[in-house]
Amino acid sequence: MALFHVARYSGPEAAGAEAEAEADGRARALLERLRCRARERQLQKQPPQQEPSEPAEAAQTAQAAGKRRRRPRRTRRRKSGGAPGSPHAPPCKRRKADDEDEDAGAESREEAPAGNSVGAEAAGSPEGQGGPPPEEAPGPPAHALVLGGFGRSKAPKVQPFLPAWLAEPSCVGKNVTEGLVSIEDIPEVHPDLQKRLRAQGISSYFPVQAAVIPALLESTANGFLVSRGGYRPSDLCVSAPTGSGKTLAFVIPVVQALLRRAVCQVRALVVLPTKELAQQVSNVFSVYADATPLRVALLTGQKSLAKEQESLVQDTADGFRCLADIVVATPGRLVDHVEQTPGFSLQHLRFLVIDEADRVIDSMHQSWLPRVLAAAFPSEGTRDPFALLQRTQPRAVTAASVCCPQMPLQKLLFSATLTQNPEKLQQLGLYRPRLFSTGSVHGGPRDADVDGDGDSGGKYTFPAGLTHRYVPCSLRLKPLVVLHLILEMNLSRVLCFTNSRENSHRLFLLVQAFGGVRVAEFSSRFGPGSRKRILKRFQQGKIQLLISTDATARGIDMQGVQLVVNYDAPQYLRTYVHRVGRTARAGKSGQAFTLLLKVQERRFVRMLREGGVPGLERHDAPSELLQPLAPRYQEALSQLESAVREERKQKAA
Ligand SMILES: Nc1ncnc2c1ncn2[C@@H]1O[C@H](COP(=O)(O)OP(=O)(O)OP(=O)(O)O)[C@@H](O)[C@H]1O
């Protein structure tokens, strides 16, 4: 079968003759079509029983008419675009011309229906004079689908169809300084924990805590086994801004629920994406579990596997004894223990908390969750037949399934940028999930380009005390602008993000060579111990400018960060949300500056506008203000060069 039709160009005369013949043919076809139509109309007027053979004939005629009706379009196309392969029409242009022609045709068809054009042409024909006026020409049958208008009409935006639990979340207040609920107003919280909260300087709950804590406590009101009404508790998803107190929203109810436990078993597992975050959350658990019999274990790889194993299980004469009620872990290290630690059991797990859940979902390819679930729900063969609680995967409720008590495993997901993509959430196997969210039902940025994963599903909520600015500048002047901002504003705690550890290191060397700023860098170049020390020194105010990769962008709670500088603009909104969220935490104010090259400006401004950033201001760094720093900067640049050369030599040696 030929894929292309090649028409040979046979000179202007031939082309003219061909055009004439074509025009003639078109006129004949049109005439024939009008005749057919007139015949059809006549037939319609006559009762069918008078002419038994007519339907078939009419069908044939209609078919013929249909065939003929298609012909003019083909000729028109040939006429306007030239023959395929013709030198007058290069292939790609021709296709465009075809499209335009088709579009225009479609549009004209919509504006002036087929009947009209026929009518116009029929005005000059004998049948046309005798026939009904064009507007009386029968249109397509009511049930027929009329295609067309693809070109110009604006396609309506496709709204994602969300399941009810995502479409109708329980709304949580956005602003942590408004709608606070005093500690006494949630009497369900254990008095000892209330005392602890007050000792930490907390007198009221932030909105997300006031919403989530009672909901979680309700699901454990009847003990570990079932929630109110005897049903399995719902899994919870919580989406609230950075610094809005999500950590306490799960720490308080988990600690309270476990207070009643008789035997030490791993009953709460908290999974976080980085070591630093896991350490931070473990510290918070320790504060609230301190005066209780509950024990917290941290599994991140900061200590050796053997040391971590010692904190988890004890090998006794009667068998293994569990030493931890709450385990806080990073996914990789958790899997190591599931596979290599004898006696480490997750069969009594009651809570699985996934903090920074969207990031953890992104790392689902590491398949840590199936392994954890396999350990939590043992298969038939590996189940202890004498265990009091026989645990099975959640399934349809039947008389048989409720006859013996089951320890439910409740999943709790937290993030400032929780995915709204039902398909991604489905990977977690959530049971009757419930969403707590500060945002409206998300329908904003298409995750794909704003977030890179196509799933934020909407605009994000930012801390109310955060101001967003961008500084247009050239690549050469970026470091100078950072120095200018710090020195001009006289800031004591600034966090500066770059997109790579190389960029962080170079900027660090440059600022160090410039002098006058207490600077440090933070990236995967350093081991866990050094990283911990750097963060501590930053917390203590010993470091004025911390230059970091995205390793500190998520979840890290550092007190008193006044300014976040995006030295390298983040590619995705989700990254921006977390980076700038290191300031303006817990109702405080803070500033975020993003340095933008000319080529980045448009996309970035659009991304933030679509992402729900409340007012992005432009901040110019005029050259007269940068000028006084220039000589020192030039000197620092030459020092940087020699420092880099030196480092290369050392690496090569
Ligand atoms: N009710 C409260 N009153 C006062 N401060 C609080 C309260 N709850 C939490 N905080 C403080 O607010 C800060 C931020 O809390 P937290 O780290 O839990 O925020 P987050 O929502 O998890 O932020 P991120 O999304 O960045 O991880 C912490 O320093 C915490 O001690």
Side-chain angles (χ1 to χ4, degrees), residues 172-186 189 193-194 196-214 237-255 270-274 276-288 328 353-360 412-419 436-439 456 460-466 493 495 497 535 538-539 550-561 564 574-590 592:
V172 172
K174 295 176 189 177
N175 198 336
V176 294
T177 54
E178 287 168 10
L180 300 183
V181 176
S182 98
I183 287 188
E184 295 74 33
D185 289 345
I186 305 188
V189 176
L193 288 174
Q194 292 193 13
R196 272 273 123 189
L197 283 166
R198 280 194 210 95
Q200 293 296 310
I202 293 175
S203 55
S204 44
Y205 295 110
F206 286 162
V208 69
Q209 296 161 351
V212 174
I213 293 174
C237 297
V238 180
S239 177
T242 52
S244 62
K246 292 185 288 295
T247 313
L248 279 184
F250 62 81
V251 167
I252 297 293
V254 165
V255 171
V270 186
V271 182
L272 296 113
T274 65
E276 286 74 26
L277 258 180
Q279 174 77 64
Q280 182 180 297
V281 170
S282 159
N283 291 348
V284 179
F285 266 112
S286 299
V287 167
Y288 291 92
V328 184
V353 183
I354 307 179
D355 201 359
E356 305 296 343
D358 54 324
R359 167 87 187 271
V360 180
L412 313 172
L413 274 58
F414 290 82
S415 179
T417 51
L418 191 71
T419 177
F436 290 86
S437 174
T438 44
S456 85
Y460 294 120
T461 315
F462 291 85
L466 181 61
R493 224 166 291 178
L495 188 54
F497 287 103
L535 285 186
F538 188 60
Q539 286 270 25
D550 282 324
T552 56
R554 268 186 187 258
I556 297 290
D557 184 46
M558 287 174 289
Q559 302 288 317
V561 176
V564 168
R574 210 151 53 121
T575 316
Y576 181 82
V577 172
H578 289 284
R579 282 183 179 183
V580 300
R582 297 315 100 208
T583 184
R585 296 177 72 75
K588 307 238 168 41
S589 58

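Numbering of ligands and ligand atoms starts at 1, following listing order. Positions are given from 1, in the same order as the sequence printed here.
By the 4.0 Å N-to-carboxylate-O rule, D557 lies close enough to R585 to be salt-bridged with it. The existence of a salt bridge linking D358 and R554 is confirmed by a sub-4.0 Å separation between a basic side-chain nitrogen and an acidic carboxylate oxygen.
Every protein residue with a heavy atom nearer than 4.0 Å to ligand 1 is included here: I202, S204, Y205, F206, Q209, P241, T242, G243, S244, G245, K246, T247, L248, E356, G555, D557, Q559, R582, R585, A586.
Applying the salt bridge (charged side-chain N to carboxylate O under 4.0 Å, His left out) definition to pairs two or more places apart or across chains, those involving residues 176-185 are E184-R198.
Considering only residues two or more places apart in sequence or on other chains, Y576 meets the ring-ring contact (aromatic ring centres under 6.0 Å, His included) condition with H468, F604.
Contact annotation: the side chain of L412 never approaches that of V238 to less than 4.5 Å [non-hydrogen atoms, C-beta and beyond].
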Ignoring hydrogens and angles, write down the donor-acceptor pairs under 3.5 Å from the side chains of residues 199-214, residues two or more places apart or on other chains.
unit_1: Q209; atom_1: OE1; unit_2: F206; atom_2: N; d: 2.9
unit_1: Q209; atom_1: NE2; unit_2: G245; atom_2: O; d: 2.9

